[in-house]
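Everything on this sheet refers to the single structure shown next.
For the single chain, residues carry numbers from 1 onward in sequence order. These numbers come from a predicted model, not from an experiment.
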Amino acid sequence: MAGTDLTSVLADCHEAAKNGYKLASDEKNVLDSILRSAEEKVRETAIEYKTSPCEIIGIGETLENQLSDIQGAVDDLRISFAEDLEILKGDLDKFSVTLFGRTMAGKSTLMEVLTEGDGSAIGMGAQRTTRDIRRYEWNGLAVTDVPGIGAFEGEEDTRLAFDAAKTADLIVFLLTDDAPQAVEADCFRQVKDFGKPVIIIMNVKVSVDSGKSMKLIERDMKRAFDYDRIEDIRTQFCKFAEPFGQDWSNVPFVPVHLKAAYEAVRCGKSEDEETRSQAEFWSRVSHIDELKELICEQVSVRGKYIRVKTFADIIANPMIESLSELDLQSGINRSQGRIIADKKRALEKRKEKFIKDGKKRIESFMMRLKTELRADIAVFAEEHYNDKLADVAWGNLIKEKDIEGRCKAFLDDLEAEVDDFIRETIREMTSELRYVSVDSLERTFLTPALVDAKRIVSWTSLIVGGGGTVAAAILTLAGVEVAAGPVGWIAAGIGLAGGIGLLFLESRGDKLAKARARLEKELTESVNSTCDNVWSQLEKNLDRLVKGKIDLVLSELTKIENVIDSLASTQDDLADSLRLELRSLNMTFTGNIATAVFGAEASENYMSKITTSARIPGVCTLLTEEREGVVGEDFRTKLSDLIAEDVRYVTATDDTSVFVSDVLGGLVRPENIDCDNENETVIIRTDDKDIRLYNRLRLLEQIVPYKIGG
């Protein structure tokens, strides 16, 4: 079968590729529309934000970067569809096989064997440049030999290798019969993540030096190809799959001796008859025909299904990856928003308490000041009732009281208290935000000092000027313009009391008592009026402090919350749209394969009993039956064999907890699953670290329209 003619098979593969391309193109057009809508929403959010950006240091840049990142992610998703689909479009008529393996694993030798080359490329793998991707044809198949992978050739080579794998139909992965290496297993795991069918070739290393007899070579070959030995190596390699939650036990595993296979090519091309006669020996001991037969069998039996799968997966893989990332980021943003909302509510309560306490403190402060000034009035009136310079004396007394400094210190204390609880609020919020895996918000929400006593009330220059009357000076202290008002006249008249008193028939004692009482009365009224005005000014400063600091922070937090909420909504909407399209793609793909296998009528009958489908390409397809057992085992096994994926059923049910548990393969019991229909959230309580649960969760997020937490 090594020389099987694949012409007719490849013609069928070409037709299947055209159907696959149409499937992928139609899906891409729908996705382009979805992504344009998401981009528009992000753009609207960005415009809305930029019209009123956050003034808080650092926040604006963080939000702008997040907006830019989401726009970039949407762009990258579209580009990944377009570029890969364009590559596949150019190769519609080619069944693509890509060779993977580390440097010196034998890829170049395999190429020489398949192309029956002259051996010039053998051993040159280590000298290849990073962009040296070789393409050739064997038996009608397009074979691509990529540079070495993993840590052997560098990051650029690895990237090129994986880029080639994305658009391959079949991957041939080369190992050697040395002890399996973890780096090879990790690369193989990444290859499997593409969902491609894979054949593992184990290049057996046995010396075939020219001086060695044929019998010794054949003896050593039999030992090297011993079934138990090969099985042990295969088992060792497959164990690497367990930490990744994958199962490699069903991956075809073919031992070959590539150097002996090349010897068969070389001998077959020799002009020497004796040398040519050795070609059959080298071919037999190399087991190369088994590899060729397996590749041809894969193409013959599964080729047309593989080609459709390649096109479906080129769309499905980035959708699945994006869906997981969108759900994760949306969940983080929702948590972020809740934290900020909680801190806003806490800050609102602190604000209300601060205003209430602040007014009480102002009242207490002013009552003490008023009592203190009133206590000085009696003594001052006794000493200065007949003093022409009483206003100057009173001004000096007021200056000594340092009312401006005391008021400023009082306001500074209030402002410091505001700064402290704002700082504490932000510290708590920052700490909690770090808990939800967001970038650290090391920044201050504190604004520059708002209270400038001289700017707001201009006390000092008016108090110590000394040129005004006592009452006028006190009122001006509170910011009242009274340059020549009635109070000023009364105060000015104090100095004239003695002269005016001569016109009246009053005793000196009566006159003095009246003068003292009048001065005391005027000073008391002035102190009351002034303290009331200072009281009012302090409350205005309290209001300015609240508006200029607390309300500013609340406003900024609201802006941040709105942007985050808008981003989370956009991510949710995009994830929901992708989820719907992914289910549609999975159902269409499953239906296409079923039609090719069972015919249109039988396929329609099967598919009518399946309500939805989820896939992890290359790992598992999960089908939801409308009732248990209605689809049948025949459908499952044939589908599984052709697309090389584990195919499983779950039964639709209105009990969400039971359904989720079934999707999770029973790894979490229904009683440990809570469904919040109002918030569309599924909470899964488990300490199970089984990697299988991760894969099941990836299937679950495609099926249920809920956020998954736990």
For the pair D342 and R345, find out whether any cationic side-chain nitrogen is under 4.0 Å from an anionic carboxylate oxygen. yes
Using a 4.5 Å cut-off on heavy atoms from C-beta on, say whether the side chain of V647 contacts that of C620. no
Would you call R189 and D193 a salt bridge, using N to O less than 4.0 angstrom? yes
So, applying ring pair (Phe, Tyr, Trp, His ring centres under 6.0 Å) with W248, which one of F173, F240, F188 is it? F188
Hey, is the main chain of S584 close enough, under 3.5 Å, to the side chain of T588 for a donor-acceptor pair? yes
Charged N to carboxylate O under 4.0 angstrom, D419 versus R423? no
Verify, without hydrogens or angle tests, whether R685 (side chain) and E671 (backbone) share a donor-acceptor contact under 3.5 angstrom. yes
Candidate pair I315 and L585, rule side chain to side chain contact (heavy atoms under 4.5 Å, CB included), full reasoning: CA-CA 9 Å; I315 298 291; L585 174 64; 3.9 Å; yes
Could you tell me whether the side chain of S569 and the main chain of D565 form a donor-acceptor pair under 3.5 Å? yes
Could you tell me whether the side chain of R361 reaches within less than 4.5 Å of the side chain of E417, counting heavy atoms only? yes
How many angstroms lie between atom CD of E701 and atom CG of L697, to the nearest 0.5 angstrom? 7.5 Å
Do the charged groups of K359 and E539 touch, with an N to O distance under 4.0 Å? no
Supply the atom-to-atom distance Q702 CD to S324 OG, rounded to the nearest 0.5 angstrom. 8.0 Å
Hey, what do you get for CG (D655) to CZ (F659), rounding to the nearest 0.5 Å? 11.0 Å
Would you please test L545 and F354 for side chain to side chain contact (heavy atoms under 4.5 Å, CB included) and show each step? CA-CA 11 Å; L545 186 58; F354 175 75; 3.9 Å; yes
Nearest-0.5 Å distance, CG of residue L542 to CD1 of residue I362: 4.5 Å
Measuring only between side-chain heavy atoms, which start at C-beta, is F311 closer than 4.5 Å to F589? no
Using modelled atom types only, decide if a donor and an acceptor are shared between the side chain of S37 and the backbone of S33 within a distance under 3.5 Å. no
Within the distance-only criterion (no hydrogens, no angle test), does the side chain of D676 pair as donor or acceptor with the backbone N or O of T681 below 3.5 angstrom? no
Could you measure the distance from the CZ atom of R43 to the CD atom of E40? Nearest 0.5 Å is fine. 5.0 Å
Are the side chains of K192 and V619 in contact, using a 4.5 Å heavy-atom criterion? no
Any side-chain heavy atom of N586 sitting closer than 4.5 Å to one from L623? no
Check ion pair E625-K609 (N to O, under 4.0 angstrom): no
Here the pair of heavy atoms bringing D572 nearest to R334 is OD2-NH2, 2.8 Å
Any carboxylate oxygen within less than 4.0 angstrom of a Lys/Arg side-chain nitrogen, looking at K309 and D169? no
Is it true that a side-chain atom of S555 and a backbone atom of D551 form a donor plus acceptor pair closer than 3.5 Å? no
Please check if the side chain of S25 supplies one atom and the backbone of Y21 the other of a donor-acceptor pair under 3.5 Å. yes
Within 6.0 angstrom of E321 CD, more than 12 heavy atoms from elsewhere: no
Hey, does the side chain of E645 reach the backbone of G618 with a donor-acceptor pair shorter than 3.5 angstrom? yes
State, with a plain yes or no, whether a side-chain heavy atom of I34 is found less than 4.5 Å away from one of L574. yes
Taking N562's backbone N and O only, do any of them form a donor-acceptor pair with S566's side chain (distance below 3.5 Å, no angle check)? no
Under a 4.0 Å threshold between the charged nitrogen and the carboxylate oxygen, would R427 count as salt-bridged to E424? yes
Looking at E628, I'd like to know if its CD atom is crowded, meaning that more than 12 non-hydrogen atoms belonging to other residues, nucleotides or ligands lie closer than 6.0 Å. no
Mind checking the OG1-CG spacing from T621 to L699? Nearest 0.5 Å is all I need. 8.5 Å
With no hydrogens and no angle check, is any side-chain donor or acceptor of N541 less than 3.5 Å from a backbone partner on Q537? yes
